[in-house]
2 protein chains.
Amino acid sequence: MENTYYTAKHQRLARYAKALGHPARVLIIELLSRQSCCYSGDLANDLPIARSTLSQHLSELKDAGLIQGEINPPRIRYCLNRANWEEAAQLFKTLFDSQL
Amino acid sequence: MENTYYTAKHQRLARYAKALGHPARVLIIELLSRQSCCYSGDLANDLPIARSTLSQHLSELKDAGLIQGEINPPRIRYCLNRANWEEAAQLFKTLFDSQL
DNA sequence: TTCGTATTTCGTAAAAATACGAAACAAAGG
DNA sequence: CCTTTGTTTCGTATTTTTACGAAATACGAA
């Protein structure tokens with residue numbers, strides 16, 4: 001991590017961008033940002049992928065910090081991680097605003 | 001492409017996001033958006049990777065439509081693709097603004 | 001306790017991304 | 001023509017991503 005070339009911001013931005021780098025994850029995020037929270041099963045109905053694959057995508061979004069899941073047995077409720085979502089929004093905004 | 005789940009916007013957003021999903025590419029884009037255009041060799045000095053690897057990253061950004069290169073022998077001048085950059089900015093903005 | 005529901009983890013396979021150095025290329029200058 | 005310069009393409013190796021179905025887990029209800 002002792003890299004003088006990439007700053008923490010570069011790395012975080014890349015991390016968030018990568019998490020959004022698949023249409024399924026974009027759709028998941030879009031659904032979550034519109035209707036607050038969702039259960040994995042509800043998401044499964046809106047996506048053309050196996051539930052295990054959906055679970056993997058959810059894990060990636062979670063690892064990147066964009067979403068969080070709270071257990072609500074026997075289901076798991078996924079919501080945006082608002083704090084990180086705000087950070088990501090800010091990082092992207094700064095990048096896009098920096099043009100001449 | 002006949003997928004009723006992912007819209008064209010989801011796919012384009014994912015494409016742009018994926019292109020930004022590596023710190024080297026974030027840095028490249030940041031440099032380009034700040035100082036209009038750059039030569040590949042100049043970028044090489046700011047990045048901790050081999051020139052051939054840089055060339056690959058530039059190709060990916062070009063394939064995603066975020067940058068364009070114009071030949072200026074014996075060098076190649078890379079610039080942002082402004083139209084697509086605007087589109088990407090708009091797509092991200094819409095995504096981030098759609099929260100409750 | 002056994003069953004049913006919701007979801008994840010495991011095992012695995014195939015494809016894509018990342019990286020490097022060597023070689024190729026294209027154009028200008030000697 | 002030969003060399004130098006800037007850059008890309010090729011060949012290759014390693015790692016990561018994407019995807020699926022089967023099995024495991026966790027919990028409430030019967």
Side-chain angles (χ1 to χ4, degrees), chain A residues 1-6 10-11 13-29 31-32 35 37-79, chain B residues 1 3 5-6 10-11 13-29 31-32 35 37-79:
Chain A
M1 281 296 136
E2 294 304 324
N3 186 318
T4 53
Y5 294 93
Y6 308 132
H10 293 142
Q11 315 234 28
L13 190 42
R15 190 87 208 282
Y16 290 134
K18 191 172 190 174
L20 292 172
H22 190 287
R25 296 195 291 266
V26 170
L27 182 47
I28 291 167
I29 284 288
L31 292 169
L32 286 182
Q35 54 195 293
C37 296
C38 284
Y39 294 104
S40 175
D42 300 337
L43 292 169
N45 297 327
D46 291 330
L47 289 164
I49 53 177
R51 274 152 202 268
S52 56
T53 305
L54 168 60
S55 189
Q56 272 187 176
H57 283 304
L58 288 170
S59 281
E60 282 187 50
L61 288 170
K62 199 159 50 177
D63 291 346
L66 287 177
I67 66 172
Q68 56 200 151
E70 49 181 85
I71 297 172
N72 199 341
R75 310 201 285 181
I76 297 180
R77 212 165 99 103
Y78 282 101
C79 310
Chain B
M1 282 294 139
N3 187 317
Y5 294 93
Y6 308 133
H10 293 142
Q11 315 235 26
L13 190 40
R15 191 88 207 283
Y16 290 134
K18 192 171 190 173
L20 292 172
H22 189 287
R25 296 196 291 265
V26 170
L27 181 48
I28 291 167
I29 284 288
L31 292 170
L32 286 182
Q35 54 196 294
C37 296
C38 284
Y39 294 103
S40 176
D42 300 337
L43 292 169
N45 297 327
D46 291 330
L47 289 164
I49 54 177
R51 274 153 201 267
S52 56
T53 305
L54 168 59
S55 189
Q56 274 187 176
H57 284 304
L58 289 170
S59 281
E60 283 188 50
L61 288 170
K62 199 159 50 176
D63 291 347
L66 288 176
I67 66 172
Q68 57 201 153
E70 50 181 85
I71 297 173
N72 199 340
R75 311 202 285 182
I76 297 180
R77 213 165 99 103
Y78 283 100
C79 310

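Note on naming: letters A, B, ... go to the chains in the order of the sequence lines (proteins, then strands), and numbering restarts at 1 for each one.
Note on A:S40: only backbone sugar-phosphate atoms sit closer than 4.0 angstrom, heavy atoms only; bases stay farther off. B:I49 comes within 4.0 angstrom of the backbone, heavy atoms only, and of no base. The residue B:R75 sits close only to the backbone: its heavy atoms come under 4.0 Å of sugar-phosphate atoms, none of a base. Among the atoms of the strands shown, only primed sugar atoms or phosphate atoms (P, OP1, OP2) are found under 4.0 Å from some heavy atom of A:R25.
Nearest-nucleotide positions on DNA chain C place A:Y78 closer to the 5' end than the other of B:A24 and A:Y78.
Summarising the geometry, atom OH belonging to B:Y39 is positioned 5.0 Å from atom CZ belonging to B:R75; distances are rounded to the nearest 0.5 Å. Between the CD1 atom in A:I28 and the CG atom in A:L61 there is a gap of 5.5 Å [rounded to 0.5 Å]. Between the OG atom of A:S55 and the CD1 atom of A:I76 there is a distance of 7.5 Å, given to the nearest 0.5 Å. To the nearest 0.5 angstrom, A:I67 atom CD1 is 9.0 Å from A:C79 atom SG.
Nearest approach of B:L66 to B:A19, heavy atoms of both residues: CD1-CB, 3.9 Å. Nearest heavy atoms, B:Y5 versus A:N45: CE2-O, 4.1 Å.
Interface limits on DNA chain C: the 5'-most and 3'-most nucleotides within less than 4.0 Å of chain B heavy atoms are C:dA17 to C:dA27.
Ring planes of B:H57 and B:H22: tilted class, angle from 30 to 60°.
The ring pair (Phe, Tyr, Trp, His ring centres under 6.0 Å) test applied to A:H10 returns no partner, not counting sequence neighbours.
Stems are defined here as 3 or more consecutive Watson-Crick or G-U wobble pairs with pairing distances under 3.5 Å; those involving DNA chain D are C:1-30 with D:1-30.
Residues from residues 56-67 of chain B placing a heavy atom under 4.0 Å of any atom in DNA chain C, listed by number, are B:Q56, B:H57, B:E60.
Pairs of residues two or more places apart, or lying in two chains, never qualify as salt bridge (Lys or Arg N to Asp or Glu O under 4.0 Å) while including a residue from residues 38-52 of chain A. Within the structure, side chain to side chain donor-acceptor pair (under 3.5 Å) contacts touching residues 58-70 of chain B (residues at least two apart or in different chains) are B:R25-B:E60.
The distance from atom CG of B:L54 to atom P of D:dT9 is 12 Å, rounded to the nearest whole Å. Whole-Å rounding puts the B:R51 CZ to D:dT5 P distance at 12 Å.
Phosphate contact (OP1/OP2 of D:dA19, side-chain N/O of A:T53, threshold under 4.0 Å): absent.
With contacts defined as side-chain heavy-atom distances shorter than 4.5 Å, the pair A:L13/B:L20 does not qualify.
Of all nucleotides listed (D:dT16, D:dA22, D:dT18), D:dT16 comes nearest to the side chain of A:K18.
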